[in-house]
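Atoms within each ligand, like the ligands themselves, are counted from 1 in listed order. Reckoned from all heavy atoms, side chains included, excluding hydrogens, waters and symmetry mates.
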Amino acid sequence: MILLGSTGSIGVNTLNIARKFNLNVEVLVAGRNIELLNQQIKEFKPKKVVIDKAEDIPLVHHKNVFFGEEAILQAIQESETSTVVNALVGFLGLKPTLKAIECGKKIALANKESLVVAGKFIDQTKLKPIDSEHFGLWYLLQDKKIDSMMVTASGGSFRDYPLDKLQNVSIKEALAHPNWSMGNKITIDSATMTNKMFELMEAAWLFDIRKLDAIIETKSLIHAFINFADGSTTAHIANASMQLPIAYAILGSCDEQILKPVDLLEVANLEFRKIETSRYPIWEIKDDILNNLDLGVVLNAANEVAVSKFLNSQIGFLDISKITMNAINKFNNVKATSIEEIFEIDKEVRNYCGA
Ligand SMILES: NC(=O)C1=CN([C@@H]2O[C@H](COP(=O)(O)OP(=O)(O)OC[C@H]3O[C@@H](n4cnc5c(N)ncnc54)[C@H](OP(=O)(O)O)[C@@H]3O)[C@@H](O)[C@H]2O)C=CC1
Ligand SMILES: CC(=O)[C@@H](O)[C@H](O)COP(=O)(O)O
Ligand SMILES: [Mn+2]
């Protein structure tokens, strides 16, 4: 495989699966965590390595090291392997997704932003999502009439925080996810509920359905529900680990035990909550977004700018959703007619949001 984002949360979990199933890793792509990258190089012996910055090349223990976006695309183009795992974070992941598709590779896609911003231009024939809820939905699919689908949310870092103190939370508090250990950007997206908005859009593209909703399940043990037309509902239950979705996305199917099964007696009880707009203001525009998936590129660009400002202590926590909702208001009429326009709109929105 080619693994894009090997030093991140999904990247490390992917290498756990590669180790377990003795999978070949042809290319490793990482950013600036060179120490971890060097450990990965030693163990998995890739033929090629790509990193973010030229200045870090001398630190990498490999003779075939390249840097930058073009090198990532070239590595995909030149690779022999048929599988690309895209665990890059944000808009940066879009071009590699498009390149992998152009090269006819199978793509295991953690980079949900690719679908959020450009779902209508992405050929899904060889795409498998790495996202716990979408894996759950896929697992539950049956040849029966579906009424609606629902994914769960943990509620994020501030689900129990006093509402009047939300604006002044610290970065450290925001990065303390209750159930999952993930990269910084998605952890903030979980706290604002933007991650769930992205996931509804992701589900809309993947399953061609608009009757979609989300509910908080505080333990992240149930990941998805399908409501069938006959009135029955099925739920996907698994311990909170990305290794199961990753294994299926790479291997296709799997009969070996990847996770310890959920012990319901140990769990004892589950708690469900409504997603309230008072705590998660972004949820006010959920229906607008689901009725107009073209807005994904706007939502994503504004959110990336806002999250980065929050992580740089330039704005308060509630300003993240203010910035994204303001951008949605301003760019309400966008409708990209080509992939090139997606890149133009992305740029325009970033400028508007003060990137
Ligand atoms: N984590 C999770 O459990 C889940 C994540 N996802 C999605 O998966 C994707 C990855 O998330 P996650 O693993 O949490 O993110 P992380 O921030 O943990 O990892 C991101 C990876 O991308 C690398 N990277 C960042 N910038 C560059 C660059 N310019 N060039 C090359 N590599 C770069 C980072 O390198 P370095 O660290 O070395 O700088 C790191 O390896 C996101 O789209 C997220 O929404 C979806 C479901 C669950
Ligand atoms: C593990 C995974 O799939 C994440 O997308 C997770 O869902 C994030 O947690 P939230 O439910 O808090 O958004
Ligand atoms: Mn998810």
Side-chain angles (χ1 to χ4, degrees), residues 3-15 27-38 40 49-53 56 59-60 66-73 75 85-97 108-117 129-137 151-159 175-200 202-203 214-224 238-246 249 275 280 300 303-304 307 311:
L3 175 53
L4 316 179
S6 68
T7 46
S9 154
I10 293 289
V12 167
N13 272 309
T14 302
L15 290 176
V27 182
L28 285 176
V29 175
R32 304 207 71 177
N33 187 348
I34 307 300
E35 194 183 333
L36 177 57
L37 176 65
N38 279 333
Q40 296 176 341
V49 174
V50 183
I51 57 171
D52 184 17
K53 302 271 185 249
D56 291 336
L59 305 174
V60 181
F66 302 84
F67 77 96
E69 191 179 59
E70 274 310 310
I72 299 177
L73 304 181
V85 179
N86 187 350
L88 293 171
V89 59
F91 193 76
L92 170 78
L94 176 59
K95 278 190 187 170
T97 297
L109 187 68
N111 182 261
K112 64 185 87 182
E113 293 89 345
S114 290
L115 279 173
V116 168
V117 304
I130 297 180
D131 205 338
S132 56
E133 300 76 5
H134 307 76
F135 169 68
L137 289 169
V151 296
T152 60
S154 70
S157 320
F158 301 123
R159 64 189 185 192
L175 291 177
H177 194 283
N179 303 336
W180 297 94
S181 165
M182 310 186 289
N184 289 358
K185 193 260 183 183
I186 186 176
T187 304
I188 303 298
D189 290 349
S190 294
T192 58
M193 209 46 85
T194 304
N195 183 48
K196 229 33 68 175
M197 192 81 90
F198 284 172
E199 292 186 350
L200 294 187
E202 192 184 357
I215 187 174
I216 294 173
E217 185 276 283
T218 53
K219 291 182 177 157
S220 297
L221 290 175
I222 301 182
H223 306 286
N239 276 310
S241 162
M242 286 309 289
Q243 292 194 27
L244 200 57
I246 292 170
I275 299 176
Y280 308 103
N300 180 70
N303 180 60
E304 281 190 26
V307 170
L311 290 173

Visitor: If you measure from CZ on R159 to CE on M193, what distance do you get to the nearest 0.5 Å?
Guide: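 Going from the CZ atom of R159 to the CE atom of M193 covers 10.0 Å.
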
Visitor: Go through the side-chain N and O atoms of N33 and T7 and say whether any donor and acceptor fall under 3.5 Å apart.
Guide: no

Visitor: Tell me whether H177 has any N or O atom under 3.5 angstrom from an N or O of ligand 2.
Guide: yes

Visitor: Quick one: does N300's side chain get under 4.5 Å of F198's, heavy atoms only?
Guide: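 Yes, at least one pair of side-chain atoms sits under 4.5 Å.
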
Visitor: If we only count N/O pairs under 3.5 Å, is V89 in contact with ligand 1?
Guide: no

Visitor: When you measure from atom 1 (N) of ligand 1 to every protein heavy atom, which one gives the shortest distance, and what is it?
Guide: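 Answer for atom 1 (N) of ligand 1: S9 OG, 3.0 Å.
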
Visitor: Can you find an N or O of I130 that's nearer than 3.5 Å to an N or O of ligand 1?
Guide: no

Visitor: Looking only at protein heavy atoms, which one is nearest to atom 13 (O) of ligand 1, and what is the separation?
Guide: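 Ranked first by proximity to atom 13 (O) of ligand 1 is I10 N, 2.9 Å.
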
Visitor: Would you mind listing which atoms of ligand 2 come within a distance below 4.0 Å of any non-hydrogen atom of S190?
Guide: 8 (C), 9 (O), 10 (P), 12 (O), 13 (O)

Visitor: As a test of reading the structure, name the N/O/S atom of E199 that is nearest the Mn ion (ligand 3).
Guide: OE2

Visitor: Tell me: protein heavy atom nearest atom 42 (C) of ligand 1, and distance?
Guide: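 Going atom by atom, the protein heavy atom closest to atom 42 (C) of ligand 1 ends up being L88 O, 3.8 Å.
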
Visitor: Strictly under 4.0 Å, does any heavy atom of M182 approach an atom of ligand 2?
Guide: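 Yes, M182 has a heavy atom closer than 4.0 Å to ligand 2.
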
Visitor: Got a second to check how far M197's CE is from D189's CG, nearest 0.5 Å?
Guide: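 Interatomic distance, M197 CE to D189 CG, rounded to 0.5 Å: 11.0 Å.
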
Visitor: Among all protein heavy atoms, pick the one closest to atom 3 (O) of ligand 1 and tell me residue, atom and distance.
Guide: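 It is M242 CG, 3.3 Å.
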
Visitor: If we only count N/O pairs under 3.5 Å, is G8 in contact with ligand 1?
Guide: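 Among all N and O atoms of G8, at least one is under 3.5 Å from an N or O of ligand 1.
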
Visitor: Between A87 and ligand 1, which residue portion shows a heavy-atom distance shorter than 4.0 Å: side chain, backbone, both, or neither?
Guide: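 Just the backbone.
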
Visitor: Any nitrogen or oxygen of G183, main chain or side chain, under 3.5 Å from a nitrogen or oxygen of ligand 1?
Guide: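 There is such a contact, yes.
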
Visitor: Would you mind listing which atoms of ligand 2 come within a distance below 4.0 Å of any non-hydrogen atom of K196?
Guide: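 Taking each heavy atom of K196 in turn, ligand 2 has 7 (O), 10 (P), 11 (O), 13 (O) under 4.0 Å.
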
Visitor: Got the closest protein heavy atom to atom 46 (C) of ligand 1, with its distance?
Guide: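 Nearest neighbour among protein heavy atoms for atom 46 (C) of ligand 1, to 0.1 Å: K112 CE, 3.6 Å.
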
Visitor: If you take the nearest heavy atom of each of A110, S190, S114, which one is closest to atom 7 (C) of ligand 1?
Guide: A110

Visitor: Please report the C-alpha distance between L36 and V12 in whole Å, then the side-chain angles of each, then the deciding distance to 0.1 Å, and finally whether the side-chain contact (heavy atoms from CB on, under 4.5 Å) criterion is met.
Guide: CA-CA 10 Å; L36 177 57; V12 167; 4.0 Å; yes

Visitor: Identify the protein heavy atom lying closest to atom 35 (O) of ligand 1, giving its residue, its atom name and the separation to 0.1 Å.
Guide: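 For atom 35 (O) of ligand 1, the nearest protein heavy atom comes out as G31 N, 2.9 Å.
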
Visitor: Tell me the protein heavy atom at minimum distance from atom 39 (O) of ligand 1, and give that distance in Å.
Guide: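 Here the nearest protein heavy atom works out to R32 N, 2.9 Å.
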
Visitor: Taking non-hydrogen atoms only, is S132 closer than 4.0 angstrom to ligand 1 via side chain, backbone, both or neither?
Guide: neither

Visitor: Is M193 close enough to touch ligand 2? Criterion: a residue heavy atom under 4.0 Å from a ligand atom.
Guide: no

Visitor: Name the closest protein heavy atom to atom 31 (C) of ligand 1, giving the residue it belongs to and the distance to 0.1 Å.
Guide: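 The answer is A30 O, 3.2 Å.
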
Visitor: Tell me if a side-chain donor or acceptor on N184 pairs with a main-chain N or O of L175 at a distance below 3.5 Å.
Guide: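 Judged by distance alone, no pair lies under 3.5 Å.
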
Visitor: Taking the side chain from Q40 and the backbone from S6, do they hold a donor-acceptor pair closer than 3.5 Å?
Guide: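 A pair under 3.5 Å: yes.
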
Visitor: Enter the distance from I216:CD1 to Y280:OH here, rounded to the nearest 0.5 Å.
Guide: 4.0 Å

Visitor: Is there a polar contact, in the sense of an N or O pair closer than 3.5 Å, between D52 and ligand 1?
Guide: yes

Visitor: For ligand 1, which atoms, with element, lie under 4.0 Å from some heavy atom of N33?
Guide: 36 (P), 38 (O), 39 (O)

Visitor: Considering N195, I186, I72, T7 one by one, which has a heavy atom nearer to atom 34 (C) of ligand 1 than any of the others?
Guide: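 Ranked by closest heavy atom to atom 34 (C) of ligand 1, first place is T7.
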
Visitor: Do any nitrogen or oxygen atoms of S181 come within less than 3.5 Å of a nitrogen or oxygen of ligand 1?
Guide: no

Visitor: Start with the C-alpha distance between L221 and N239, add both sets of side-chain angles, then the distance that settles side-chain contact (heavy atoms from CB on, under 4.5 Å), and finish with yes or no.
Guide: CA-CA 5 Å; L221 290 175; N239 276 310; 3.5 Å; yes

Visitor: Using a 3.5 Å cut-off on N or O atoms only, is W180 in polar contact with ligand 1?
Guide: no

Visitor: Report the part of N179 in contact with ligand 2, treating N, CA, C, O as backbone and CB onward as side chain, heavy atoms under 4.0 Å; options are side chain, backbone, both, neither.
Guide: neither

Visitor: Report the part of M182 in contact with ligand 1, treating N, CA, C, O as backbone and CB onward as side chain, heavy atoms under 4.0 Å; options are side chain, backbone, both, neither.
Guide: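 The answer is both.
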
Visitor: Is there a donor-acceptor contact under 3.5 Å from the side chain of T152 to the main chain of I222?
Guide: yes

Visitor: Could you list the atoms of ligand 2 found under 4.0 angstrom from a heavy atom of E133?
Guide: 3 (O), 6 (C), 7 (O)

Visitor: Any N/O of D131 closer than 3.5 Å to an N/O of ligand 1?
Guide: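 By distance alone, the answer is no.
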
Visitor: Just jot down the ligand 1 atoms closer than 4.0 angstrom to any heavy atom of N111, in number order.
Guide: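 Those atoms are 43 (O).
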
Visitor: Determine, considering heavy atoms only, which of L28, N86, V85, L92 sits nearest to atom 27 (C) of ligand 1.
Guide: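 It is L92 that holds the nearest heavy atom.
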
Visitor: Taking 4.0 Å as the limit for heavy-atom contacts, which would you say applies to E113 with ligand 1: side chain only, backbone only, both, or neither?
Guide: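 Side chain only.
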
Visitor: Looking at G90, is its backbone amide N or carbonyl O close enough to the side chain of N111 to form a donor-acceptor pair, meaning the two atoms are under 3.5 Å apart?
Guide: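 Yes, because the side chain of N111 sits within donor-acceptor range (under 3.5 Å) of the backbone of G90.
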
Visitor: Taking A238's backbone N and O only, do any of them form a donor-acceptor pair with H223's side chain (distance below 3.5 Å, no angle check)?
Guide: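 Yes; at least one donor-acceptor contact below 3.5 Å.
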
Visitor: Apply side-chain contact (heavy atoms from CB on, under 4.5 Å) to W180 and M242, showing your working.
Guide: CA-CA 9 Å; W180 297 94; M242 286 309 289; 4.0 Å; yes

Visitor: Just by modelled atom types, is the A191 backbone N or O under 3.5 Å from a matching donor or acceptor in the N195 side chain?
Guide: no

Visitor: Could you tell me which atoms of ligand 2, counted from 1 in the order shown, lie closer than 4.0 angstrom to a heavy atom of K112?
Guide: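 In order of numbering, the contacting atoms are 5 (O).
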
Visitor: Provide the atom name of the closest N, O or S atom of E133 relative to the Mn ion (ligand 3).
Guide: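 That would be atom OE1.
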
Visitor: So which of the N, O or S atoms of D131 lies nearest the Mn ion (ligand 3)?
Guide: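 In D131, the heteroatom (N, O or S) nearest the Mn ion (ligand 3) is OD1.
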
Visitor: At less than 4.0 angstrom from any non-hydrogen atom of A153, what atoms of ligand 2 do you find?
Guide: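 In order of number, 11 (O).
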
Visitor: Should V89 and E113 be marked as a side-chain contact (heavy atoms from CB on, under 4.5 Å) after you check the CA-CA gap, both sets of side-chain angles, and the distance that decides it?
Guide: CA-CA 8 Å; V89 59; E113 293 89 345; 4.1 Å; yes

Visitor: Counting both backbone and side chain atoms, is some N or O of G11 under 3.5 Å from an N or O of ligand 1?
Guide: no

